[in-house]
Amino acid sequence: MTTTQFEAVPAVAGDETRPPTGLVVMKFGGTSVAGPERLQAVARRLVAAREGGRRVVGVLSAMGSTTDELFALARSVSPAPDPRELDMLVSTGERISCALCAMAIIDLGHAAVSLTGSQAGIVTDTAHGKAKIVEVRARRIHEALDRDAIVLVAGFQGVSTEYEVTTLGRGASDTTAVALAAALAADECEIYTDVEGVYTADPRLVPRARKLHAVSYDEMLEMAASGAKVLALRSVELARNHGVRLHVRSTFVDADGTWVTEEDQRMLEKAMISGVTHTLEETLYRVEGVPAARLFSALAAAQVNVDTILQTGPEIVFSAPVTDRQAAVEVLEGLDARWSATDELGKVSVVGAGMKSHPGVAATTFATLDAAGIEPQIVTTSPIKIACHVAREDVDRAVQVLHEAFGLSSEAAERAHA
Ligand code: ADP
Ligand code: ASP
Ligand code: MG
């Protein structure tokens with residue numbers, strides 16, 4: 001199997017002096033295309049952008065929970081589905097929404113064409129289920145745009161260097177959109193979703209969470225990596241590496257959303273903390289009796305995405321996504337190590353570029369959790385993040401108390417990002 005460590009999409013300068021190309025990539029998530037009326041509304045929105053004089057590439061997700069249903073269907077037939085066939089199956093959801101949307105656009109009197117990831121020239125490595133984009137061969141998209149058509153590209157998928165259909169991982173229509181925005185030198189990449197932007201915490205868990213007007217790529221990377229699933233992690237990596245301007249906004253409300261851009265001095269000075277994120281979808285492993293070098297090279301070879309790593313004496317502790325559990329367990333069994341795994345912990349993270357210049361964030365985090373009777377089991381940090389593994393049942397409460405403690409529900413928190 002060939003895998004790549006990086007995504008080689010042609011660079012577009014993040015350079016402010018680059019003349020506008022008049023091209024926009026507009027991505028719509030699953031809720032945004034969940035039924036016929038919603039697809040028609042998306043069609044109208046794409047047409048409005050075209051009529052406004054822009055060249056338009058739409059990237060769509062599968063309708064509603066189609067992808068979940070396809071995964072469940074596969075498992076009802078086969079307990080461990082063959083990876084190639086699974087990709088053939090789950091990639092169909094996006095094809096449905098794009099074809100339907102193209103029909104709706106044609107009915108509105110505009111030219112439109114839907115393309116699978118493969119037809120759109122999204123070339124990936126061969127890692128089924130988590131393929132990385134290695135190249136975008138956008139010839140067909142350019143041809144269609146030159147004919148004045150609105151182009152609809154099926155998100156979440158590509159074609160491998162071995163000519164197989166691949167998928168890019170859950171939530172990866174975002175990644176498709178950003179890769180296309182980079183390859184086509186789009187003026188911006190708009191991510192339309194079911195919330196109005198990136199919030200100081202998941203608005204479903206913290207109703208008083210505030211919409212952020214702007215966050216830096218680095219903050220967004222940390223937030224996406226620690227559970228803010230509003231943007232797929234790899235899409236943010238690509239946007240940062242290629243200087244793609246990202247605008248996360250609502251499909252249903254016509255308001256400005258959140259800009260994800262280069263960090264500027266204001267972000268550093270005004271806002272100490274941008275958000276509190278959380279995840280329950282992590283497994284924590286404790287391993288003894290195998291050297292770290294051997295363990296982590298075996299995990300890497302098996303494509304396990306290791307996150308937190310801690311080594312104290314002979315014991316190594318690491319975390320990885322729940323979706324990588326089977327692969328991780330196979331590695332551990334193959335290494336003849338002593339190990340255990342638990343899904344009983346979740347992780348809450350406090351993220352903010354301002355941490356670099358404001359001391360005391362760690363003190364406030366610990367004092368707040370302590371006052372709430374929550375004991376962090378593992379704590380890890382980066383220059384702009386403090387992450388605490390806590391008992392799963394405490395995660396929601398930990399997010400809420402930290403959100404209050406850092407004053408994120410206040411108007412001032414929102415203004416700090418304006
Ligand atoms: P889509 O289907 O449009 O891709 P997702 O479900 O992938 O949408 O992402 C949007 C969801 O992300 C929101 O409904 C929200 O519950 C969740 N979310 C988690 N953290 C955040 C956050 N910090 N800001 C905004 N949304 C968040
Ligand atoms: N439909 C895919 C998923 O549910 C990709 C996406 O929505 O971004 O993961
Ligand atoms: Mg998503």
Side-chain angles (χ1 to χ4, degrees), residues 26-34 38 42 59-72 86-87 89-98 117 122 129-131 153-158 166-179 189-213 215 219-236 246 248-253 257-258 260 273-281 323 348-352 395-396 399 402-403 408 413-414 417:
M26 299 165 73
K27 180 259 167 179
F28 293 85
T31 317
S32 310
V33 295
R38 289 196 182 167
V42 167
V59 174
L60 304 191
S61 289
M63 295 171 70
S65 51
T66 303
T67 311
D68 289 335
E69 287 156 22
L70 291 170
F71 274 109
L86 188 60
D87 273 354
L89 178 75
V90 298
S91 60
T92 58
E94 272 67 14
R95 202 164 155 164
I96 295 173
S97 41
C98 283
I122 312 266
K130 47 160 83 171
V153 178
F156 175 59
Q157 57 184 275
T166 49
T167 61
L168 312 176
R170 296 309 306 266
S173 293
D174 297 336
T175 311
T176 305
V178 176
C189 182
E190 296 188 313
I191 305 287
Y192 288 87
T193 184
D194 55 6
V195 286
E196 284 183 44
V198 180
Y199 280 68
T200 50
D202 186 340
R204 291 181 207 285
L205 178 60
V206 183
R208 276 154 56 80
R210 296 267 174 175
K211 181 173 82 183
L212 301 167
H213 291 279
V215 285
E219 285 173 304
M220 195 62 234
L221 269 178
E222 290 282 14
M223 289 177 78
S226 58
K229 68 169 184 157
V230 61
L231 282 175
L233 176 60
R234 280 237 290 281
S235 74
V236 187
L246 272 181
V248 182
R249 56 192 307 193
S250 165
T251 306
F252 309 111
V253 179
T258 303
V260 186
I273 298 304
S274 292
V276 181
T277 54
H278 70 284
T279 178
L280 302 173
E281 288 148 16
T323 44
V348 52
S349 308
V350 173
V351 177
V395 167
D396 289 7
V399 173
L402 288 169
H403 192 265
L408 294 174
E414 190 169 334
H417 291 83

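Start at 1 and go down the list; that is how both ligands and their atoms are numbered. None of the values given here were measured: they were computed from a predicted structure.
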Any N or O of Lys27 closer than 3.5 Å to N or O of ligand 1: yes

Shortest heavy-atom approach to atom 8 (O) of ligand 1 - which of Asp202, Thr277, Thr193: Thr193

Shortest non-hydrogen contact between Glu94 and Ala62, atoms and distance: OE2-N, 2.9 Å

N/O donor-acceptor pair under 3.5 Å between Ser97 side chain and Ser61 backbone: yes

Side-chain touch His403/Thr200, heavy atoms, less than 4.5 angstrom: yes

Any N/O pair Thr67/ligand 2 closer than 3.5 Å: yes

Ligand 2 to Phe156 polar contact by distance, N or O atoms, under 3.5 Å: no

Atoms of ligand 1, numbered as shown, that sit under 4.0 Å from any heavy atom of Val198: 24 (N)

Gly155 to ligand 2, any heavy atom closer than 4.0 Å: no

Interfacing atoms of ligand 1 (cut-off 4.0 Å, heavy-atom, Asp194): 10 (C), 11 (C), 13 (C), 14 (O)

Gly30 N/O under 3.5 Å from ligand 1 N/O: yes

Minimum-distance protein heavy atom relative to atom 7 (O) of ligand 2: Ser61 OG, 3.1 Å

With Asp194 via side chain to side chain donor-acceptor pair (under 3.5 Å) - residues at least two apart: Thr31, Arg204

Flag side-chain contact, heavy atom, 4.5 Å: Tyr192 against Arg249: yes

Ligand 1 contacted by Gly197 (non-hydrogen, < 4.0 Å): yes

Test salt bridge (Lys or Arg N to Asp or Glu O under 4.0 Å) applied to Asp68 - qualifying residues, sequence neighbours left out: Arg170

Distance from atom 2 (C) of ligand 2 to nearest protein heavy atom, with residue and atom: Glu94 OE2, 3.4 Å

Any Glu190 side-chain heavy atom under 4.5 Å of Lys27 side chain: no

Non-hydrogen atom of Ala172 closer than 4.0 Å to ligand 2: yes

Sub-4.0 Å heavy-atom approach of Ala201 to ligand 1: yes

Short side-chain donor-acceptor distance under 3.5 Å, Ser235 and Thr175: no

Flag for Asp87-Thr167: side-chain donor and acceptor within less than 3.5 Å: yes

Within-4.5 Å side-chain heavy-atom neighbours: Val198 and Met220: yes

Any side-chain heavy-atom pair of Lys211 and Thr258 under 4.5 Å: yes

Pro203 to ligand 1, any heavy atom closer than 4.0 Å: yes

Side chain to side chain contact (heavy atoms under 4.5 Å, CB included) partner of Ser226, the single match among Leu233, Val350, Thr277: Thr277

Distance filter under 4.0 Å to Arg170 heavy atoms, resulting ligand 2 atoms: 3 (C), 4 (O), 9 (O)

Contact check: Tyr199 vs ligand 1, nitrogen or oxygen atoms, below 3.5 angstrom: yes

For Val195, atoms of ligand 1 separated by under 4.0 Å from a heavy atom: 13 (C), 14 (O), 25 (C), 26 (N)

Polar proximity ligand 1 side, Arg204 side, N/O cut 3.5 Å exclusive: yes

Pick from Met220, Glu196, Lys229, Arg210: the one approaching atom 7 (O) of ligand 1 most closely through a non-hydrogen atom: Lys229

Residue part near ligand 1, for Val230, under 4.0 Å between non-hydrogen atoms: both

